[in-house]
Amino acid sequence: MHEDFQSLRKKLKKSRDGFAVVKLALVADQSTQFLAQALCGYGVTRRLDIHVYEAPFNQMEAEILDADSGLYAFAPDFVLLLPSSENLRDRFYRAIDAEQAEFAERESARLTLLCGALRERADADILLCNYCEQADAVYGNLGFVHRSSVQYALRALNTSLAEMANTESKLHIVDINGLQTARGRDVTYDPRLYYVSGSVFSFAFIPYVAARLVALIEATRGNIKKCLITDLDGVLWGGVIGEDGMGGIEIGELGMGRAHSDLQKWIKELSRRGIAIAVCSKNDEAIAKEPFLRHPDMILRMEDIAVFLANWEDKASNIRRVCATLNLTPDSMVFIDDNPFERELVKKILPAVTVPDLPEDAALYLETLCGLQLFETVHILDEDRARTARYREETSRADAASRATDLESYLSELKMKAEVLPFDSFSIPRVAQLTQRSNQFNLRTRRYTEREIEKIANDAKYKTGAVTLRDRFGAYGIICVFIMQCMPENTLFIDTFLMSCRVVKRGVEEFVFNEMVRVAKECGCQTITGSYLPTEKNAPVKDLLKNFGFAEDGDGAWTLEVDQYRPRETHIMTQNTLENEEGTANG
Amino acid sequence: MDKYAQILRTLEELFREYFGDDTLCLFPETTNADIADWDSVAHIQLVFEIESRFAVRFDAADIMKLNHIGFIADKLMELSENERESFGGLS
């Protein structure tokens with residue numbers, strides 16, 4: 001399933017031209033040289049140029065607490081902390097009785113201290129590996145219960161790591177323990193390798209650890225899966241609905257039905273998490289929809305499906321339509337199909353789509369998909385959980401749009417309201433997420449971490465806004481962000497202007513440019529300058545500045561005289577204005 | 001070709017592949033001192049590669065001593081003899 005260690009090692013010689021550079025520091029109490037090779041090799045697979053700094057062996061405190069250490073000189077983007085259960089066990093055995101009972105608390109306090117010091121001294125995301133839980137057989141089954149067993153300490157410690165990560169947005173846990181449980185300790189640990197080299201991971205296991213780490217790094221950089229596209233016959237149920245009919249398809253108690261039902265339950269759970277579910281099936285549409293509407297054993301229903309495509313076109317074209325409808329890019333798509341022909345077709349035509357090779361036996365689908373760990377993410381915002389509902393609203397909006405003969409009258413009927421929020425504890429996570437993820441409607445594609453956004457929020461040099469939108473179909477949350485920087489000579493520079501693709505063509509950009517000009521006037525600026533930094537994806541905003549009356553003065557710099565700006569008409573009402581007026585009336 | 005020569009040839013293939021050097025030649029008297037890139041990190045990887053190629057397991061105590069091709073080949077001969085005996089015992 002994964003590339004083995006040697007093939008990862010061979011990739012180290014490959015060219016990494018054009019790959020994004022990621023600076024990763026490894027701080028461990030175990031040997032990391034093999035892991036470092038595998039990480040760099042797997043980075044090549046994922047088109048990342050990973051530069052690794054290996055802190056001296058077992059010097060976690062010295063490296064992290066000393067501001068002059070090699071770690072900080074390296075200026076990492078990511079710091080991987082690898083405390084091993086082997087090292088912990090060694091210290092646990094040397095501890096006196098009273099210390100053993102509270103070992104987990106002490107160790108947790110130690111890690112909290114180290115993470116706190118790291119956060120202060122490095123502007124990096126922290127990737128903290130949890131402990132591989134193991135029984136040392138000193139207490140037999142009682143080891144699970146007894147507070148002075150190393151087994152109990154490891155489990156308690158892992159629980160406290162989860163709590164640490166829940167309160168710290170730049171701290172991400174790498175679930176090595178979960179990986180160990182899945183692969184089995186006989187596979188993940190080779191005592192011979194440990195005693196000759198100090199590596200607590202076997203060569204068979206290292207590629208899995210590397211893959212999991214790189215997936216987490218990618219998720220932190222905003223590269224995540226957002227949509228699962230599924231085939232119907234042979235995947236969501238056994239048999240062929242067009243031939244076997246409603247009574248013949250295998251679902252629920254019929255035949256291998258439970259395997260298909262369990263897969264549906266899992267997909268439903270993904271949908272609850274915010275993954276959009278789309279159907280893509282070669283079928284007659286009415287027949288394909290029938291089980292969703294009327295079969296008593298179906299778990300997934302029409303309301304769980306963001307886009308339903310049942311037709312006789314090729315699957316690659318249909319997947320393109322799903323992308324267009326949901327405004328998502330192919331690299332955020334996972335496509336599952338039991339037919340190898342369809343899978344290969346999609347792999348060939350849309351190589352960015354992730355297409356897992358399903359086994360032939362339907363009983364193995366779910367285990368296979370779970371083992372692939374396709375849906376990595378670093379945190380779940382309420383925004384994400386509400387996403388499926390929003391995708392459905394999107395579809396009803398699309399329906400309304402096709403009915404509306406005139407775009408203007410359609411927009412006026414939407415009853416849109418926008419609000420400009422300051423960057424505060426409520427908006428900062430979403431603002432940072434948008435800077436990480438928005439590609440198409442993003443003028444300069446500046447990626448910011450939460451911490452960087454916080455700094456901007458507290459810096460008077462910046463004029464910022466996070467814009468929310470709602471309409472009669474529902475609320476979108478924060479969908480647009482601008483960051484303007486005060487420059488000499490009463491000038492504001494547009495450092496960031498980005499918009500979620502979901503609100504394109506609604507007049508949001510007009511609304512926000514009006515607002516940016518208002519802000520400029522308010523702070524006595526006469527000029528707004530900006531630039532467009534082209535990427536592979538942001539062609540849609542190529543002419544944005546021009547369209548708002550900015551004049552190009554060469555070298556890609558655009559300038560707008562605030563007095564010359566003609567406010568644009570929109571169908572969006574301001575929430576702020578409404579509230580301010582009410583406030584004044586009441587006061 | 002006798003078994004010992006066969007082992008040497010397979011080792012040579014494996015070393016060539018590992019070091020990415022098609023001109024590398026192994027003799028029973030070759031040691032880690034003769035191959036510049038055969039350092040301690042490469043050594044451990046090589047030994048574990050040899051294990052999976054020949055489907056054998058070395059004792060931890062022997063792993064660091066396997067820096068001499070003749071010694072590796074002897075060990076592999078010995079392990080395959082043991083294997084034959086244990087199969088003989090089973091049948």
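Lettering of chains follows the sequences in order, A, B, ..., and the numbering in each one begins at 1.
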Sort A:Tyr195 into side chain, backbone, both or neither according to what part of it lies under 4.5 angstrom from a heavy atom of chain B.
neither
State whether the side chain of A:Asn158 and the backbone N or O of A:Asn130 hold a donor-acceptor pair below 3.5 Å, judged by distance alone.
no
Proximal component of A:Asp4, with respect to chain B [non-hydrogen, under 4.5 Å]:
neither
With a 6.0 Å cut-off on the ring centroids, do B:Trp38 and B:Phe15 count as close?
yes
Per-residue contact mode, B:Ile44 against chain A (heavy atom under 4.5 angstrom)
both
Tell me, side chain or backbone of B:Glu49 under 4.5 Å from chain A's heavy atoms, or both, or neither?
side chain
Take atom CD of B:Glu29 as the centre, draw a 6.0 Å sphere, and report whether it contains more than 12 heavy atoms from other residues, nucleotides or ligands.
yes
Centroid separation under 6.0 Å, is that true for the rings of A:Phe201 and A:Tyr189?
no
